[in-house]
Amino acid sequence: MMNNWTEERAVAALDTQEEKTQIQRHGHRGILTMDQDAKIETVTTQRATYIPPKSPGVRLRGIRGELLEKHLAQMIREKIEAEMNPPTPKTDFCSTTQRDFCVEGFVPLTPETTQVHDYKSDQAITFWSENCQRVQGVTGVRNLKAPFKKSALFSTPISERLDEIELPPDN
């Protein structure tokens, strides 16, 4: 704390000349130098004392050693580039039809129908239609051949269901 008071006493005479906000912004004038118009030096101590290193002027390595090092570096570079960028495989432009159906000896067979189907009225057979009993969140299935047809059971009050004889059990 004594050092802070010593510093405050040293600049106490300077505090009366300028406003406190200006001192806080720009600092005290005249502490580092008494000449207010002095120019700041542009050369630092590091720049003034630095001398760039000089080469000895003679060869430090032989030509054969330099060539061997360049050759090894080139070989390693090519090996790494070959590992990082493998050549692209040749593209096979053969379609599935050409590969599977245009093979010699292929005879297309049309399976015989076992029953008559009407695509307009028959329900499609899917994974969900076959497993409708195991699907969660589906209302009661009335017709197993058309389990996902439109149903208003979830919105019809139980007392207004005319087509049911008994009420469904509460689960």
Side-chain angles (χ1 to χ4, degrees), residues 1 3-4 19-27 40 42-47 49-56 59-171:
M1 292 298 273
N3 292 336
N4 289 346
E19 293 180 16
K20 190 149 186 124
T21 57
Q22 187 175 4
I23 292 171
Q24 288 175 346
R25 237 184 251 148
H26 303 291
I40 300 174
T42 58
V43 179
T44 62
T45 308
Q46 170 69 23
R47 284 191 182 171
T49 57
Y50 176 74
I51 300 170
K54 295 181 182 177
S55 66
R59 226 180 220 293
L60 298 175
R61 297 187 61 195
I63 296 173
R64 189 176 281 183
E66 285 183 10
L67 291 176
L68 179 63
E69 184 181 340
K70 286 181 183 177
H71 179 66
L72 288 173
Q74 180 68 24
M75 285 176 44
I76 293 169
R77 186 182 309 114
E78 289 173 357
K79 183 178 178 184
I80 290 174
E81 284 179 3
E83 289 176 2
M84 303 268 296
N85 303 323
T88 55
K90 189 158 187 151
T91 307
D92 183 20
F93 292 106
C94 185
S95 69
T96 305
T97 304
Q98 292 171 336
R99 187 181 308 115
D100 298 337
F101 300 111
C102 297
V103 179
E104 291 181 28
F106 175 74
V107 179
L109 297 175
T110 306
E112 294 181 17
T113 56
T114 56
Q115 61 186 21
V116 179
H117 294 287
D118 183 17
Y119 72 92
K120 293 180 183 176
S121 61
D122 285 354
Q123 181 73 22
I125 298 174
T126 64
F127 171 82
W128 297 110
S129 64
E130 289 180 349
N131 299 306
C132 65
Q133 287 80 19
R134 287 182 247 155
V135 178
Q136 294 179 358
V138 178
T139 55
V141 177
R142 289 186 170 188
N143 184 1
L144 289 175
K145 292 190 176 188
F148 298 111
K149 288 215 176 218
K150 188 175 179 181
S151 173
L153 286 177
F154 68 95
S155 62
T156 307
I158 294 175
S159 60
E160 295 180 13
R161 294 185 184 174
L162 302 176
D163 53 349
E164 290 185 7
I165 298 169
E166 59 186 67
L167 297 175
D170 289 335
N171 292 343

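- Here the shortest heavy-atom pairing between S129 and A124 reads OG-O, 3.6 Å.
- Taking each heavy atom of Q115 and H117 in turn, the nearest pair found is NE2-CE1, 3.2 Å.
- In terms of heavy atoms, S121 sits closest to D118 at OG-OD2, 2.9 Å.
- Among residues at least two apart or in separate chains, there is no side chain to side chain donor-acceptor pair (under 3.5 Å) pair with a member in residues 80-99.
- Other residues, nucleotides and ligands contribute more than 12 heavy atoms inside 6.0 Å of the CZ atom of R59.
- Heavy atoms from other residues, nucleotides or ligands lying under 6.0 Å from CD1 of I125 number 12 at most.
- Rounding to the nearest 0.5 Å gives a distance of 13.5 Å between CZ of R64 and CZ of R61.
- For the side-chain contact (heavy atoms from CB on, under 4.5 Å) test, residues two or more places apart in sequence or in another chain that qualify with L67 are I63.
- When each of H71, K70, E78 is tested with Q74 by the rule side-chain hydrogen bond (donor to acceptor under 3.5 Å, both in side chains), just one qualifies, namely E78.
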